[in-house]
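The structure under discussion is supplied below as structure tokens; questions concerning it will follow.
Just so we're on the same page: letters track the sequence lines, and every chain starts at 1. Note that the structure is predicted; figures quoted are calculated from it, not measured.
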Amino acid sequence: MGCGGACDSSFEVIALIDCNSFYCSCEQVFRPDLLHRAVVVLSNNDGCVIARNREAKAIGIPMGAPYHQYEAALKQNNAAVFSANFPLYANFSNRIMNILNSFSDQVEVYSIDEAFISLDGHSTDVIAYCKVIRETVLKWTGIPVSIGIAPTKVLAKCANKLAKQFPESNGVFALTNTSLIDSALKHIDVDDIWGIARKQAQKLKKRHIHTAYEFKGWNNRALMLSLLSKTGVQLHDELNGIACIAFQLTPEPRKSIRSSRSFKPELSHVDDIAAALSLFTTRAMEKLRKQHSMTQMITVFIQSNPFKAHVPTVRKAQSFGLLTATNDTIVVAKYARQLLHHLHEPGIPIKKAGIILDELTSEDALQDSLFETANANPLMTVMDQINHRFGRDTIHVANHQRFLAKRRAPQWVSPQYTTKWEELRCV
DNA sequence: TCTGGGGTCCTAGGACCC
DNA sequence: TCTGGGGTCCTAGGACCC
């Protein structure tokens, strides 16, 4: 548990390690020629910019920007453009998390490029310790990270932002005493607080609260609760040094699992959408079995292109509850296909479709229904084992090729330098 | 002019995160 | 011509119960 902001000496110490422009940095590791050049990474279908390095941000490329709108600017500035290579990023992420595990016995992997670690027991000189962490990660993986140190997670997020903002910090910034916290929070806008985005920031600004410091000092808790709900009050406490957001050392299984994708070009024929949906179902069920869960609620959705003017946007979804939980791709694929046929109307081009699995339960907490015996299909286990050993989709349940063949392949994927023998770097 | 009171559970949608 | 994907939590309000 944390303590009030006054007791500096007994602060719990949390560090947030955040990889700088993570996807871009991964691409640059194997391309030293790109050092000091603008780099961006694009989403599925090479549609949006989902990562930019410092140089790309300087050109003025916003997060989530449609690529086609910035293509010219990127070319003009000699930027390197990559299609997303998630196996590569996941592999780097695992390496970095492993390194962090050697520096702290309490590591919470928060996202692919972020982790909270506890520095309790390293209290002699946390800044020096974090500098060693930073240098080690950089030396062993080539990925630069920024580290924020503070008594709570929300403050650690703030410290991390400051570490990125001030080059003189050399990537490590500590907010470990009250007066420093106060002066630092004056440099942080309310919408840069973790958990406060556009809508909430608007509400605060209407009440003349513009900086994290002003929010920290706001003492109308009742209004805070009605305005920002209970999470807002938690954030306020965290800014005041009272830890409310617990460490999550072992990841909880997901409560819902989804797989979806946008199509380029759009798909009109129901068989084409069905082929795509069978791939999504396969992926979602792989994730489901990986976390040893079963699902009892299947939702399929389809959407037309919302950006097309003069054409009404179609967004439809339909769910089906199973009598018994299952982890069987074949079973779920069958229901998904039926749901799709209910939803589909001929003549409407579909831009995006997907499947959502809900009502997830643990494999070993199975509840048989009165009429059916729940069981995990042993065929699925065998299929997962074969695919793990010989590569994804070595065997699969339906013809994905129809979808993969129609889809325009991403244009600028880098090799899977670290996860495929055929694509290893030659020296 | 009048139409009880109070509780729980579920769901859709909003807001946020990376 | 071209605009990502996958999560979580919270709340208001409806449905339902006695």
Side-chain angles (χ1 to χ4, degrees), chain A residues 16-23 40-51 61-72 74 81-86 89-90 93 108-116 153-154 157 160 190-204 225-235 244-246 248 251-266 276 279-280 283-284 286-288 291 297 299 301 303-309 313 315 317 319 321 349 351-360 407-408 410-411:
Chain A
L16 172 66
I17 292 94
D18 186 322
C19 302
N20 300 351
S21 312
F22 182 52
Y23 298 167
V40 299
V41 174
L42 304 181
S43 64
N44 177 42
N45 291 328
D46 298 329
C48 290
V49 175
I50 54 170
I61 312 293
M63 183 63 172
Y67 171 66
H68 67 91
Q69 284 177 8
Y70 291 88
E71 192 177 357
L74 288 163
V81 176
F82 289 93
S83 307
N85 183 349
F86 287 110
Y89 313 148
S93 178
E108 175 183 339
V109 178
Y110 177 69
S111 73
I112 193 166
D113 70 334
E114 274 177 64
F116 291 102
K153 285 185 174 178
V154 172
K157 275 273 187 182
N160 192 285
V190 275
D191 32 16
D192 285 332
I193 300 170
W194 186 42
I196 293 190
R198 209 178 64 248
K199 297 271 180 180
Q200 315 260 54
Q202 272 173 7
K203 295 180 194 168
L204 288 171
L225 182 64
S226 71
L227 222 58
L228 309 178
S229 90
K230 122 186 198 188
T231 40
V233 177
Q234 273 194 3
L235 292 181
C244 308
I245 307 171
Q248 183 122 55
E252 292 284 310
R254 302 265 172 239
K255 294 170 183 167
S256 78
I257 289 172
R258 91 164 50 196
S259 175
S260 68
R261 217 126 305 171
S262 297
F263 304 134
K264 187 165 149 186
E266 292 160 20
L279 176 64
F280 305 154
R283 294 288 173 262
E286 283 167 356
K287 286 189 218 168
L288 182 79
Q291 68 165 28
M297 179 64 71
T299 302
F301 67 88
Q303 297 172 6
S304 65
N305 191 339
F307 296 103
K308 270 191 183 159
T313 303
R315 277 172 154 263
S319 302
K351 179 63 181 170
K352 182 174 182 176
I355 185 169
I356 306 167
L357 310 175
D358 278 304
E359 293 185 14
L360 309 189
R407 172 184 96 115
R408 195 184 305 166
Q411 290 192 59

Inset, instruction - Provide, to the nearest angstrom, the distance between the CZ atom belonging to A/R254 and the P atom belonging to C/dG6. - result: 12 Å

Legend entry - Value in whole Å for how far the C1' atom of B/dC17 lies from CE of A/M63: 11 Å

Identify all side-chain donor-acceptor contacts of residues 195-204 of chain A below 3.5 Å with residues at least two apart in sequence or on another chain.
unit_1, atom_1, unit_2, atom_2, d
A/K203, NZ, A/L227, O, 3.2

Legend entry - Selected nucleotide, minimal atom distance to A/E114 side chain, candidates B/dC18, C/dG6, B/dA15: B/dC18

Legend entry - Main-chain N/O of A/F263 paired with A/K351 side-chain donor or acceptor, under 3.5 Å: yes

Inset, instruction - Quickly work out the A/Y89 OH to C/dG6 C1' distance and round it to whole Å. - result: 17 Å

Legend entry - Separation of the P atoms in B/dT3 and C/dC18, to the nearest angstrom: 25 Å

Inset, instruction - Inspect the surroundings of NZ in A/K287 and state if more than 12 heavy atoms from other residues, nucleotides or ligands are less than 6.0 Å away. - result: yes

Legend entry - Least distance between heavy atoms, A/I355 atom then A/A284 atom: CG2-CB, 4.0 Å

Inset, instruction - Fill in the dot-bracket string of DNA chain C, one character per base: . for unpaired, | for a pair to another strand, ( ) or [ ] for pairs within the strand, taking Watson-Crick or G-U pairs under 3.5 Å. - result: ....||||||||||||||

Inset, instruction - Could you state the atom-to-atom distance from CD1 of A/I112 to P of C/dG6 in whole Å? - result: 13 Å

Inset, instruction - Name the nucleic acid region contacted by A/L42, choosing base, sugar-phosphate or nothing; use a 4.0 angstrom heavy-atom cut-off, strictly under. - result: nothing

Name the pairs: protein N/O against N/O of nucleotides 1-3 of chain C, kept only if under 3.5 Å.
unit_1, atom_1, unit_2, atom_2, d
C/dT3, OP1, A/K351, NZ, 2.0

Legend entry - Under 3.5 Å: donor-acceptor pair, side chain of A/S43, backbone of A/C48: yes

Legend entry - Options B/dA15, B/dC18, C/dG5, nucleotide nearest the side-chain atoms of A/K199: B/dA15

Legend entry - Selection from C/dT8, B/dC18, C/dT11 that lies nearest to any side-chain heavy atom of A/S229: C/dT11

Inset, instruction - Starting from P on B/dC10, measure out to CD on A/E359 and report it in whole angstrom. - result: 10 Å

Legend entry - Distance, rounded to the nearest Å, where A/W194 contributes CH2 and B/dA15 contributes C1': 15 Å

Inset, instruction - Select base, sugar-phosphate, or nothing to describe what A/L228 touches, counting heavy atoms under 4.0 Å on all strands. - result: nothing

Inset, instruction - Look at the side-chain N and O atoms of A/S260 and state whether any lies under 4.0 Å from the OP1 or OP2 oxygen of C/dG4. - result: no

Inset, instruction - List the atom of A/S83, the atom of A/Y89, and the distance in Å for their closest heavy-atom pair. - result: O-OH, 4.0 Å

Inset, instruction - Can you tell me the distance, in whole Å, between the CZ atom of A/R407 and the C1' atom of C/dG5? - result: 14 Å

Inset, instruction - With sequence neighbours excluded, tell me which residues meet side-chain contact (heavy atoms from CB on, under 4.5 Å) with A/L42. - result: A/V40, A/D46, A/V49, A/Y67, A/V81, A/W412

Legend entry - Nearest to side-chain heavy atoms of A/N44, which nucleotide of C/dG7, C/dG4, C/dG6: C/dG4

Legend entry - Below 4.0 Å: OP1/OP2 of C/dG7 and any side-chain N or O of A/K287: yes

Legend entry - Distance below 4.0 Å between A/S259 side-chain N/O and C/dG5 OP1 or OP2: no

Legend entry - Given C/dC10, C/dG5, B/dC16, the nucleotide with the shortest approach to the side chain of A/A197: B/dC16

Inset, instruction - Return the set of residues passing side-chain contact (heavy atoms from CB on, under 4.5 Å) with A/P306 (not counting sequence neighbours), or none when no residue passes. - result: A/T313

Legend entry - Partners meeting side-chain contact (heavy atoms from CB on, under 4.5 Å) with A/F307 (sequence neighbours left out): A/N305

Legend entry - Worked check of side chain to side chain contact (heavy atoms under 4.5 Å, CB included) between A/Y110 and A/K153: CA-CA 11 Å; A/Y110 177 69; A/K153 285 185 174 178; over 6 Å; no

Inset, instruction - Starting from P on B/dG13, measure out to CD1 on A/I356 and report it in whole angstrom. - result: 12 Å

